[in-house]
Amino acid sequence: QVQLVESGGGLVQAGGSLRLSCAAYGLTFSSYVMGWFRQAPGKGRDLVAAINWSGGSIYYADSVKGRFTLSRDNAKNTVYLQMNSLKPEDTARYYCAADQGLVVSTLPRTYDYWGQGTQVTVSS
């Protein structure tokens with residue numbers, strides 16, 4: 001059974017940092033594109049960042065470029081999202097997702113597995 005388990009969310013002041021982790025179980029982790037999506041109340045689920053199997057191709061949403069860094073450790077079956085210079089508009093529930101495709105996709109429907117999410121709240 002595939003499980004994606006997110007951790008690292010919390011409450012932080014604007015300008016602060018958080019590191020999200022997503023541990024994957026039950027799949028061949030190195031074969032999957034891994035992505036982080038976020039969803040604020042009343043809004044759609046948007047891709048924040050995604051990384052291909054090797055880490056050689058990484059996508060960032062324009063809103064997080066220069067502030068967030070995505071990385072993966074295939075030996076630990078874990079993907080990390082380092083979030084710096086956080087803004088109140090980054091407040092959302094953040095979801096880890098796995099896509100068995102070969103290239104990074106920005107579309108939620110292409111992702112095969114999802115975690116339960118972790119809440120990130122940035123106060124002003």
Side-chain angles (χ1 to χ4, degrees):
Q1 182 179 358
V2 175
Q3 277 190 302
L4 302 178
V5 181
E6 302 102 332
S7 61
L11 173 64
V12 65
Q13 288 188 331
S17 298
L18 286 173
R19 189 175 85 151
L20 305 184
S21 299
C22 171
Y25 304 91
L27 53 71
T28 306
F29 182 75
S30 59
S31 297
Y32 283 78
V33 168
M34 298 299 297
W36 283 96
F37 288 78
R38 66 185 180 188
Q39 187 168 20
K43 296 190 176 181
R45 191 170 293 190
D46 297 320
L47 181 65
V48 174
I51 187 168
N52 75 334
W53 69 275
S54 69
S57 176
I58 304 177
Y59 166 90
Y60 294 101
D62 287 343
S63 58
V64 307
K65 281 181 182 176
R67 300 189 297 123
F68 290 11
T69 302
L70 182 61
S71 61
R72 66 189 296 160
D73 185 338
N74 287 344
K76 295 183 177 180
N77 286 8
T78 302
V79 62
Y80 305 97
L81 184 66
Q82 178 67 43
M83 305 188 296
N84 298 330
S85 303
L86 283 162
K87 304 176 181 180
E89 51 264 43
D90 294 318
T91 295
R93 191 160 185 87
Y94 284 69
Y95 296 89
C96 176
D99 173 10
Q100 202 170 10
L102 296 177
V103 297
V104 169
S105 170
T106 63
L107 300 175
R109 66 173 183 264
T110 67
Y111 286 76
D112 303 293
Y113 302 104
W114 293 82
Q116 294 299 306
T118 185
Q119 180 66 33
V120 171
T121 303
V122 184
S123 63
S124 57

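What you see is a predicted model, and the numbers here were worked out from it, not measured in a lab.
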Check: Can you name the nearest heavy-atom pair linking Leu27 to Ala98, along with the distance?
Finding: CD2-CB, 4.2 Å
Notebook entry, point to check: Taking C-beta and beyond as the side chain, do Asp90 and Arg38 meet within less than 4.5 Å on heavy atoms?
Noted result: yes
Check: Under a 4.5 Å cut-off applied to non-hydrogen side-chain atoms, are Val12 and Thr121 in contact?
Finding: no
Notebook entry, point to check: Should Val103 and Asn52 count as side-chain neighbours, where that means a heavy-atom distance under 4.5 Å?
Noted result: no
Next item on the list: Kindly say whether Lys76 contributes a backbone atom to a donor-acceptor pair with the side chain of Thr78 at under 3.5 angstrom?
Entry: yes
Margin query: Is the shortest side-chain heavy-atom distance between Val48 and Tyr60 below 4.5 Å?
Written below: no
Notebook entry, point to check: Between the side chain of Thr28 and the main-chain N/O of Ser30, is any donor-acceptor distance below 3.5 Å?
Noted result: no
Notebook entry, point to check: Got a second to check how far Ile51's CD1 is from Arg72's CZ, nearest 0.5 Å?
Noted result: 6.0 Å
Check: Which other residues belong to the hydrophobic cluster containing Trp114, where Ile, Leu, Val, Met, Phe, Trp and Tyr are joined when side-chain heavy atoms lie under 4.5 Å apart, directly or via other members?
Finding: Val33, Phe37, Leu47, Tyr59, Tyr95, Val104, Tyr111
Item checked: Donor-acceptor contact below 3.5 Å, side chain Asp112 vs main chain Gln100 -> yes
Next item on the list: Applying salt bridge (Lys or Arg N to Asp or Glu O under 4.0 Å), name anything that partners Arg19, two or more places apart in sequence or on another chain.
Entry: none
Note to self: With a 4.5 Å cut-off on side-chain heavy-atom distances among I, L, V, M, F, W and Y, is there a chain of contacts connecting Leu86 to Leu11?
What the structure shows: no
Item checked: Minimal non-hydrogen separation, Ser105 against Thr110, with atom names -> OG-OG1, 2.9 Å
Checklist line | Spatial distance of atom CZ (Arg93) from atom CZ (Arg45) [nearest 0.5 Å] | finding: 9.5 Å
Margin query: Closer than 3.5 angstrom, by distance alone: can the side chain of Glu6 be matched with the main-chain N or O of Gln116 as a donor-acceptor pair?
Written below: yes
Margin query: For Ala92 versus Ala40, what's the shortest heavy-atom pair and its separation?
Written below: CB-N, 3.9 Å
Notebook entry, point to check: For the residue pair Gly9 and Val120, what are the closest heavy atoms and their distance?
Noted result: CA-CG2, 4.2 Å
Margin query: Checking Asn84 against Ser17 for the side chain to side chain donor-acceptor pair (under 3.5 Å) test, could you report, in this order, the C-alpha distance in whole Å, the side-chain angles of both residues, the deciding distance, and whether it holds?
Written below: CA-CA 4 Å; Asn84 298 330; Ser17 298; 2.9 Å; yes
Checklist line | Over 12 non-hydrogen atoms of neighbours within 6.0 angstrom of CG in Leu102 | finding: no
Next item on the list: Verify the cluster assignment for Val5 and Val2: are they in a single hydrophobic cluster under the rule of side-chain heavy atoms below 4.5 Å apart?
Entry: no
Notebook entry, point to check: When rounded to the nearest 0.5 angstrom, what is the spacing between CG in Asp46 and CH2 in Trp36?
Noted result: 15.5 Å
Check: Under 4.0 Å between a Lys/Arg side-chain N and an Asp/Glu carboxylate O for Asp62 and Lys65?
Finding: yes
Checklist line | Atom of Ala14, atom of Ser124 and distance for their closest heavy-atom approach | finding: CB-CA, 4.4 Å
Item checked: Partners meeting ring pair (Phe, Tyr, Trp, His ring centres under 6.0 Å) with Tyr32 (sequence neighbours left out) -> none
Notebook entry, point to check: So do the side chains of Ser31 and Trp53 get within less than 4.5 Å of each other, counting heavy atoms only?
Noted result: no
Next item on the list: Answer whether the closest heavy-atom distance between the side chains of Leu20 and Tyr80 falls below 4.5 Å.
Entry: no
Check: Between CE of Met83 and OH of Tyr94, what distance do you get to the nearest 0.5 Å?
Finding: 5.0 Å
Check: Does the side chain of Val79 reach to within under 4.5 Å of the side chain of Cys96, using non-hydrogen atoms?
Finding: yes
Next item on the list: Return the minimal non-hydrogen interatomic distance between Met34 and Leu4, and the atom names on each side.
Entry: CE-CD2, 4.2 Å
